[in-house]
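This report refers to the structure that appears directly beneath it.
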Amino acid sequence: MKICEILTTSRIKVEITSTEKEKVIEELIDLFVDDPDITDIEEVKKSILSREKIMSTGVGKGFAIPHAKSDAVKGIVAAFGKSSHPIEYKALDGEPVNLIFVLVGQQNLVGAHIKLLSRISRMMNKDYFRESLLKAQSPDEVYSIFHEEEKKYFDLT
Amino acid sequence: MLSIDLLLLIGAALILISILLAKLSHNIGIPTMLLFIGVGILAGSEGLGGIYFDDAGLAQSIGIIALVFILFSGGLETNWSESKKVSLPSFFLASIGVLITAVIIGLFVMWLFDTSFLWGLLFGSIISSTDASAVFSILRTGNISLKGKIKPLLELESGSNDPMAVFLTIGTIELLLSPEKTVLSLISLFLLQIGLGGVIGFGGGRLMAYLVNKLNFFYEGIYPIFALSVALLIYSSTAVLGGSGFLAIYIAGVVLGNCQFVHKRSLIRFFDGLAVLSQITMFLTLGLLLFPSVLLDYIGLGFLLSGVLMFIARPLSVLITLIPFKFQIKEKIFASWVGLRGAVPIILATFPLIMGIENSHLIFNLVFFIVLTSALFQGWSINFIAKLLNLAAPLEKKRNLPIEFTSSVKDDTELIEIVVPYNSKVVGQQIVDLNFPEDSRIILVTRDERNIVPSGQTTLEEGDILSMLINIKNIDSIKQIFS
């Protein structure tokens, strides 16, 4: 499974408006509102938030990757958002974040879920990648940055 | 004298035959110990093999080495959190219980053969302990699963009661040989044995866990060899100083087995295999040492004494010892029946042989007979008795690693994925050094989409995905580790 396959431009937000962690997560999950693969959007929010409660997914360098497994989802869905203002995310390093990738997967797709997490965490660890994402002006631009980067490491054919 | 090549050929063949027979007989449920002894007897001078072996001293040495490994391995696999609830009754059974058995048998033997009480007590002491390897192998090989706390009770008892039997045997032999010794001197001997055994065993186990973690050996295969030599050191240093080496090595095993350390699984495997080899070698040797035609002379007496042991001495000792403890009556009956005798009595019976106690051959042959009947009747019927008493529990199904996992195992345990923060202090550290809480584990590390099954020495990197089983109660200390 590839990021470019599950992330679409309608699930990308170049300027998150909320400032508070819970609101930011809700704002991003609301991007799924018309997604036919999600049977219960409230349930998805709940699972993401309860995972955050165990331990924050803010992993440093201004990046957070809220993720969860939920039976309210068919397959795996993704959303991405960024902001020009710092978001207090209770990250493990205490720093605010401005890049957020949401990943929600069906309960029994653990293997694919973990692989995607690994791919995203590897890509996001690249300084130039984060910088170009922050500079991007539109969902289309964000999408093509993801697409180009993913092509570098993985055979996308 | 046999050439070394021939010796190896015979030894290897006997061990192979024993292993194959054990596999074939698995479904019949015959105690493997009997099989191994049987192979030894068949290979002996009165069997097909015609090997003449009557060196009791050598058999005793082999037996002692074997017991060290069997007790250590048994200790390693003892689940202390399960056992500690029953540690007090086990301790009572292993001390007072053994004494009661020895005295009852001693009185009966005194009356039966019209001997001195001391000689009777020597006999009783020799067969007073239940056998760790027999009990472990029967309770653990998978044919049986027991309800409640009866299994840890019996395991702990059998692992820790040999020192008492050894002490009683050596003590009575000393009194027999040098009558000027007093019971008082024996008590100080006893305290020394137990005290030293306990202290060195506990300290040794702790030290071993510490060293295994700290010494970063260049080659993984070194770890079991390291542990092996430390184990032998614990036994021998305790014994040389006058303590109970058997107690020390069992306690060291329990302590080590319940610590966290690198390569734990491979170490436990190694000693498990070594214990199996020890059992086979020991019982083969004892089988060789036995001249079965002689046993025929003892059938009547043998059955009589076995009967007294199985139906009077053991049940009485269990019932009396467990009076202060809460056990159901059926559990006490079952515990009485799992009074399996094994290698220890036979090895102890070689002591009077070597030390020239009068009528020591009578002791040896009768003890051998009692052990055989105990293994045969009690060993074979344990499953049946457990079912009869409604103590058998359904065998737990072995499960695969819980990659798919709902938090139903324990209410507060969850399986979650954690991304190793890019600038976290755990980066570059080995898992073993992170000191995760006991009940939290990393079960899978995914790095650049490749899955790594972690060991204590796996080094974490930025952005690794950890699949972790965590206890929510400990979440704060885990957060602390990753911050």
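Chain identifiers are assigned alphabetically (A, B, ...) following the order of the sequence lines, protein sequences preceding nucleic acid strands; residue numbering begins at 1 within each chain.
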So for atom [atom1], which belongs to [X], do other residues, nucleotides or ligands contribute more than 12 heavy atoms lying within a distance under 6.0 Å?
{"X": "A/Gln137", "atom1": "CD", "value": "no"}
{"X": "B/Lys425", "atom1": "NZ", "value": "yes"}
{"X": "A/Lys126", "atom1": "NZ", "value": "yes"}
{"X": "A/Lys74", "atom1": "NZ", "value": "no"}
{"X": "B/Tyr219", "atom1": "OH", "value": "no"}

Give, as side chain, backbone, both or neither, the part of A/Ile65 having an atom under 4.5 angstrom from any heavy atom of chain B.
-> side chain

So what's closer than 4.5 Å to chain B heavy atoms on A/Asn125: side chain, backbone, both or neither?
-> both

Please look at B/Ile418 and chain A and tell me whether the side chain, the backbone, both or neither of the residue comes under 4.5 angstrom of a heavy atom of that chain.
-> both

What distance do [X] atom [atom1] and [Y] atom [atom2] have between them, rounded to the nearest 0.5 Å?
{"X": "A/Ile114", "Y": "B/Glu417", "atom1": "CD1", "atom2": "CD", "answer": "4.5 Å"}
{"X": "B/Ile465", "Y": "A/Arg122", "atom1": "CD1", "atom2": "CZ", "answer": "12.0 Å"}
{"X": "A/Met124", "Y": "B/Glu462", "atom1": "CE", "atom2": "CD", "answer": "14.5 Å"}
{"X": "A/Ile54", "Y": "B/Met468", "atom1": "CD1", "atom2": "CE", "answer": "11.5 Å"}
{"X": "A/Leu92", "Y": "B/Asn423", "atom1": "CG", "atom2": "CG", "answer": "9.0 Å"}

For chain B, find which of A/Met55, A/His67, A/Lys115 contributes the most heavy-atom pairs closer than 4.5 angstrom.
-> A/Met55

Ranked by heavy-atom pairs below 4.5 Å to chain A, first place among B/Ile470, B/Ile475, B/Asp476 goes to B/Ile475

B/Tyr422 side chain to A/Ser121 main-chain N or O, any donor-acceptor pair under 3.5 Å?
-> yes

Donor-acceptor under 3.5 Å (A/Ser118 side chain, B/Asp448 main chain) | yes

